Each structure stands twice: as C-alpha cells, then as structure tokens.
Participant: 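Structure provided below as structure tokens; questions to follow.
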Number of protein chains: 2
Amino acid sequence: MNDPVEPGTVRPGGRTARVRAAVLRAAGDALAEGGIAQLDLADVARRADVGKTTVYRRWGTVANLVTDLLLDMAEQSLPRADTGTLLGDLTANAQLVQRTLTDQRQGALFKAIIAAATGDTRTAQALRRFYDTRINEWAPCVEQAIARGELPADTDPQEVIRAVSAPLYYRLLVTGEDLDNATADRAANAAVAAARAGTYRRNTTNASHI
Amino acid sequence: MNDPVEPGTVRPGGRTARVRAAVLRAAGDALAEGGIAQLDLADVARRADVGKTTVYRRWGTVANLVTDLLLDMAEQSLPRADTGTLLGDLTANAQLVQRTLTDQRQGALFKAIIAAATGDTRTAQALRRFYDTRINEWAPCVEQAIARGELPADTDPQEVIRAVSAPLYYRLLVTGEDLDNATADRAANAAVAAARAGTYRRNTTNASHI
DNA sequence: TCGCTAACGGTACTGTTGTCCCGTTAGTTG
DNA sequence: CAACTAACGGGACAACAGTACCGTTAGCGA
C-alpha cells in the first residue's frame with residue numbers, strides 16, 4: 001500500500017551524497033569515453049568504487065542514471081554576455097556553445113546524452129528542461145535588442161537563441177563537420193539576419209520580403 | 001594469410017539478397033519501435049525469420065547493421081523542387097524534411113540512426129555520406145538563385161541547404177518541440193534571410209551590417 | 001552519545017546476449 | 001542439370017549483465 005520511498009531521499013546527506021557524486025562522475029566519464037551503447041551499470045559501479053548493488057538499487061536503468069546526470073548538470077549555470085549589441089551577445093553565445101561541444105569530454109558527453117534522450121521519454125524531458133534553463137538565461141539578450149529597437153517588438157526571444165544553437169548541434173550530431181570559430185560566427189550572423197527580417201515574430205504569418 | 005572474404009560478397013544474389021532485405025526491414029522496424037537501446041541482433045533475426053547465427057555472422061554488431069541500413073536508405077533518392085524562387089524551393093525542402101521527421105516510423109528511425117552514429121565512427125561516416133547525397137541533390141536550387149541574382153555569387157549552396165535542415169533536426173533531437181508546418185516555413189525563411197545577408201559567402205569573413 | 005534504520009556492499013544465482021560447431025540448403029559455373 | 005561450395009540454420013555452450021538475499025556501515029534524531 002505505502003509505496004517504498006526511493007532510496008537516497010530520506011538520508012540524502014553524507015555517504016549517500018558522496019556515492020551519488022562518485023557515480024555521476026563515473027557515469028559521465030564512461031559516457032564520454034564510450035557513448036551510451038557501451039554504458040552498463042556494473043562498469044559504472046566499478047569505476048566509482050561503489051557496490052554494484054547500490055547502483056542497480058538507486059538508478060536501476062541506464063536511462064534513469066543519465067536523467068539524474070542531467071539534473072545534476074542543470075545545477076551549474078553559465079552567465080550570459082552583455083556586449084551592448086545583439087550580434088555581440090549572440091556571437092558570445094555561439095562561441096560558448098562551440099567551445100563546449102568541441103571540448104573532448106564535454107562534446108562526447110553531450111552527444112551521448114542526446115542519444116540517450118532519443119530512446120527514453122523521461123530522459124528527453126530532463127534534456128528539454130536542461131535546455132529551457134540555458135535558453136532562458138540568454139533570452140534577455142534578445143529582449144534588450146528589442147528594447148534598443150534592433151528587432152521587431154513581437155520577436156520571440158527564445159526562438160532566436162535556439163536559432164543560434166541549431167546549426168552547431170546539427171553539425172555535431174548529423175553532418176559531423178568541423179565546429180570552428182567561423183562556424184560559430186556564422187551561426188550568430190544567421191540568427192541576427194533572420195531575426196531582423198522578422199522570421200521569429202510571434203503573431204504574424206511570416207511574410208518574406210527583400 | 002588470405003583474409004576470409006566478408007560473407008555475402010561472393011554470392012550476393014538470390015537467397016543472400018532476400019535475407020539482407022528481410023533483416024534490414026526488420027532492423028528498421030525494431031529501431032522505429034524501440035530505438036537503438038532496445039535493438040539486439042537476436043530479436044532482429046526473429047523478426048526477419050532468419051537464423052540468429054546468420055545475423056551475427058554477416059553483421060556482428062548493432063553498429064554494422066545500422067551502417068548497412070544507411071547504405072540501403074541512401075539508394076532511394078527524392079527529387080528536388082523547382083518553383084522558380086529560392087524561398088519556394090527551400091520551403092518545399094523544409095516541408096519535405098518536416099513531413100519525414102514527423103512521420104511515425106521515419107521520425108523514430110532517423111532519431112535512432114543518428115543516436116547510433118553518435119557512438120560509432122563508421123556509422124557516423126555512413127550518415128555523413130547519406131546527408132551529403134541529399135544535400136547535393138538540393139544544392140542546385142541555391143545555384144539557380146545565385147544565377148538569378150537572388151544571392152551573392154560566392155554563396156556556399158550546401159551551407160544554405162544545411163541551414164534549412166538544422167533547426168528541424170535541432171527540434172527533433174534536442175528541444176523536442178512540435179515540428180509543424182509553421183516551423184518548416186520559418187526554417188526556410190530564416191535560411192533565405194541569412195543567405196541574402198551574405199552569411200553563407202565563401203571567401204569573406206562575415207561582415208554584419210544593417 | 002546512543003539507538004534506530006536508511007543506505008551500502010559482498011556473494012550466490014539467474015536469464016539473456018553473443019559464440020562455436022557442424023549439418024543442410026541453394027546460388028553459381030561449366 | 002550436376003558438382004562445388006557459399007551462405008544459411010539449429011542447438012549446445014560461455015560470459016556477463018542484472019537480481020535476490022542478507023549482513024554491515026553510518027546518517028540522523030533524541
């Protein structure tokens with residue numbers, strides 16, 4: 001009748017917290033090295049120097065583990081830029097994303113996590129929440145640009161920020177081309193050009209024009 | 001010394017071909033239903049009504065099977081549009097991609113394949129080749145637009161086509177938002193606006209301007 | 001600082017994935 | 001159409017991921 005409480009929720013401090021940290025760290029390492037395909041919980045337990053049973057009891061499946069890892073990653077947030085122009089801010093954003101995805105460990109980790117989200121609904125939700133947070137942190141750049149008169153008033157800020165990331169993730173996941181600085185700059189430039197043309201306005205059907 | 005020839009290469013006709021077709025079809029079904037995580041070769045063999053041993057001998061790993069599936073998918077090609085304007089052509093392209101990714105089976109299949117490519121180099125190469133083909137089929141739309149004077153002469157056609165797909169795949173894989181017609185139209189509009197602004201020019205460092 | 005019990009960890013067990021071996025079926029060549 | 005052998009298929013086997021059980025450690029409240 002009374003459902004057994006999730007392990008780790010009643011005494012979340014001390015050892016429990018240490019175990020979680022060690023396991024999440026090990027899971028990140030394993031994911032970065034071999035991707036989801038090669039991830040198994042027994043291996044994570046070995047890497048984390050933790051009992052196999054513990055990992056199976058607290059997380060149970062690869063999907064749950066990755067979901068928890070995402071929750072953990074969502075905690076750390078990176079501050080947005082404020083350069084005074086939309087192009088400056090979006091370029092800063094694009095370069096931040098580019099550096100992250102280019103980084104040996106981080107890039108592989110993101111790839112693996114996105115792949116994992118592909119096959120599990122709850123992981124996909126966690127991934128969405130993660131990016132919602134990130135995108136909302138940067139949305140003020142666009143709002144300021146609107147206030148400055150750089151963009152139409154009914155521009156959707158989040159959509160502009162997403163437009164910056166899209167080509168970078170597309171390269172990372174689909175075409176596999178090099179992710180260099182030029183790519184990042186192009187992504188920012190494209191987003192600005194499209195936003196100025198009114199592509200991301202909320203209420204109108206998009207009118208194309210010269 | 002003489003390396004044993006890959007099975008299926010000496011007598012590719014008749015039964016061998018039938019087995020390959022059945023296995024690839026079953027693999028596609030399984031991928032569309034459960035994603036890579038749930039794909040195992042024994043199950044594919046069962047679905048295809050083929051000996052388990054055969055699948056393990058000819059493909060051996062999930063990655064190899066997905067790679068072969070991609071090669072098979074690359075065979076079928078879809079003709080590009082020719083509406084007379086860049087925006088018309090790119091909108092047609094965006095809607096084609098949108099319909100494909102929205103389709104129950106196809107969408108899940110693409111997700112799964114991209115996830116698989118995440119963890120295996122050879123699969124990633126096959127995926128890249130697949131999209132190179134697709135993109136090159138549509139590049140003439142941009143070349144015509146250049147010839148018409150709609151775009152700067154040194155615009156990179158492939159980059160424009162990729163710019164159309166990027167936001168659609170980004171939604172599919174990362175943010176998980178709805179992929180509707182409006183999204184497709186917006187993707188095409190954004191690509192046109194950015195291309196007109198000179199974002200995809202080859203030789204210049206991008207100059208941003210009003 | 002003491003006691004209660006949440007949470008951990010070792011070990012024995014089970015089920016399933018993937019391998020090996022060898023007999024059978026059916027392309028392919030002359 | 002007959003011989004040769006590539007490729008398939010079944011069943012027995014091995015390795016390891018995941019489960020169950022139970023004793024041990026240590027967080028937390030009084």
Side-chain angles (χ1 to χ4, degrees), chain A residues 2-27 29-31 33-68 72 112 116 119-120, chain B residues 2-27 30-31 33-68 72 112 116 119-120 123:
Chain A
N2 54 352
D3 22 29
V5 192
E6 292 273 297
T9 52
V10 178
R11 289 182 187 173
R15 180 166 61 164
T16 301
R18 281 198 303 279
V19 165
R20 177 169 183 251
V23 168
L24 291 187
R25 153 139 226 149
D29 290 347
L31 277 177
E33 284 175 32
I36 5 111
Q38 298 197 37
L39 188 73
D40 78 291
L41 302 193
D43 180 48
V44 170
R46 252 172 270 133
R47 287 169 179 261
D49 253 311
V50 154
K52 187 172 71 160
T53 313
T54 300
V55 177
Y56 279 106
R57 183 171 34 223
R58 274 187 67 179
W59 289 278
T61 67
V62 169
N64 285 339
L65 183 54
V66 174
T67 303
D68 197 27
D72 189 60
D120 182 79
Chain B
N2 55 351
D3 21 30
V5 191
E6 291 272 298
T9 51
V10 178
R11 287 181 188 174
R15 180 167 61 163
T16 301
R18 282 198 302 279
V19 165
R20 177 167 183 253
V23 168
L24 291 187
R25 152 139 226 149
L31 278 178
E33 284 175 31
I36 5 112
Q38 299 197 37
L39 188 74
D40 79 292
L41 302 193
D43 179 48
V44 170
R46 251 172 272 134
R47 286 167 180 263
D49 254 310
V50 153
K52 186 173 72 159
T53 312
T54 300
V55 177
Y56 279 106
R57 183 170 33 223
R58 273 187 67 179
W59 290 277
T61 66
V62 169
N64 286 338
L65 183 55
V66 174
T67 303
D68 197 26
D72 189 61
D120 182 79
T123 307

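What you see is a predicted model; the values in this text were computed from it and never measured. Sequence lines set the chain letters: A, B, ... in the order given, protein chains first and strands last, and positions in each chain run from 1.
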Participant: Only pairs under 3.5 Å count here: list side-chain donor-acceptor contacts from residues 33-41 of chain B, not counting sequence neighbours, and write none if there are none.
Facilitator:
{"from": "B:E33", "atom 1": "OE1", "to": "B:R47", "atom 2": "NH2", "distance (Å)": "3.0"}
{"from": "B:E33", "atom 1": "OE2", "to": "B:R47", "atom 2": "NH1", "distance (Å)": "3.4"}
{"from": "B:D40", "atom 1": "OD2", "to": "B:A42", "atom 2": "N", "distance (Å)": "3.4"}

Participant: At how many degrees, to 10°, do the end axes of the helix from C:dT1-D:dA30 to C:dG30-D:dC1 meet when each uses five pairs?
Facilitator: 60°

Participant: To the nearest 0.5 Å, what is the distance between OH on B:Y56 and CG on B:L65?
Facilitator: 11.0 Å

Participant: Write down the distance between CH2 (A:W59) and P (C:dG9), rounded to a whole number of angstrom.
Facilitator: 10 Å

Participant: Is B:D120 close to B:T61 at the side-chain level, that is, under 4.5 Å between some pair of heavy atoms?
Facilitator: no

Participant: Taking only the side-chain nitrogens and oxygens of B:T16, find out if one of them lies under 4.0 Å from OP1 or OP2 of D:dA7.
Facilitator: no

Participant: Sequence neighbours excluded, which residues qualify as side chain to side chain contact (heavy atoms under 4.5 Å, CB included) partners of A:T53?
Facilitator: A:R57

Participant: Please enumerate all residues that pass side chain to side chain donor-acceptor pair (under 3.5 Å) together with B:T67, with sequence neighbours excluded.
Facilitator: B:T123

Participant: Look at the side-chain N and O atoms of A:R58 and state whether any lies under 4.0 Å from the OP1 or OP2 oxygen of C:dA7.
Facilitator: no

Participant: Each nucleotide in nucleotides 11-23 of chain D should get exactly one letter: B, S or -. Can you fill that in based on protein heavy atoms under 4.0 Å?
Facilitator: B-----SBBBB--

Participant: If we only count heavy atoms from C-beta on, is the A:R58 to A:N64 side-chain gap below 4.5 Å?
Facilitator: no

Participant: Does D:dG27 have OP1 or OP2 under 4.0 Å away from a side-chain N or O of A:R18?
Facilitator: yes

Participant: Donor-acceptor pairs are to be reported for all side-chain atoms of residues 19-26 of chain A against protein atoms at under 3.5 Å, with residues two or more places apart or in another chain.
Facilitator:
{"from": "A:R20", "atom 1": "NE", "to": "A:D68", "atom 2": "OD2", "distance (Å)": "3.1"}
{"from": "A:R20", "atom 1": "NH2", "to": "A:D68", "atom 2": "OD1", "distance (Å)": "3.0"}

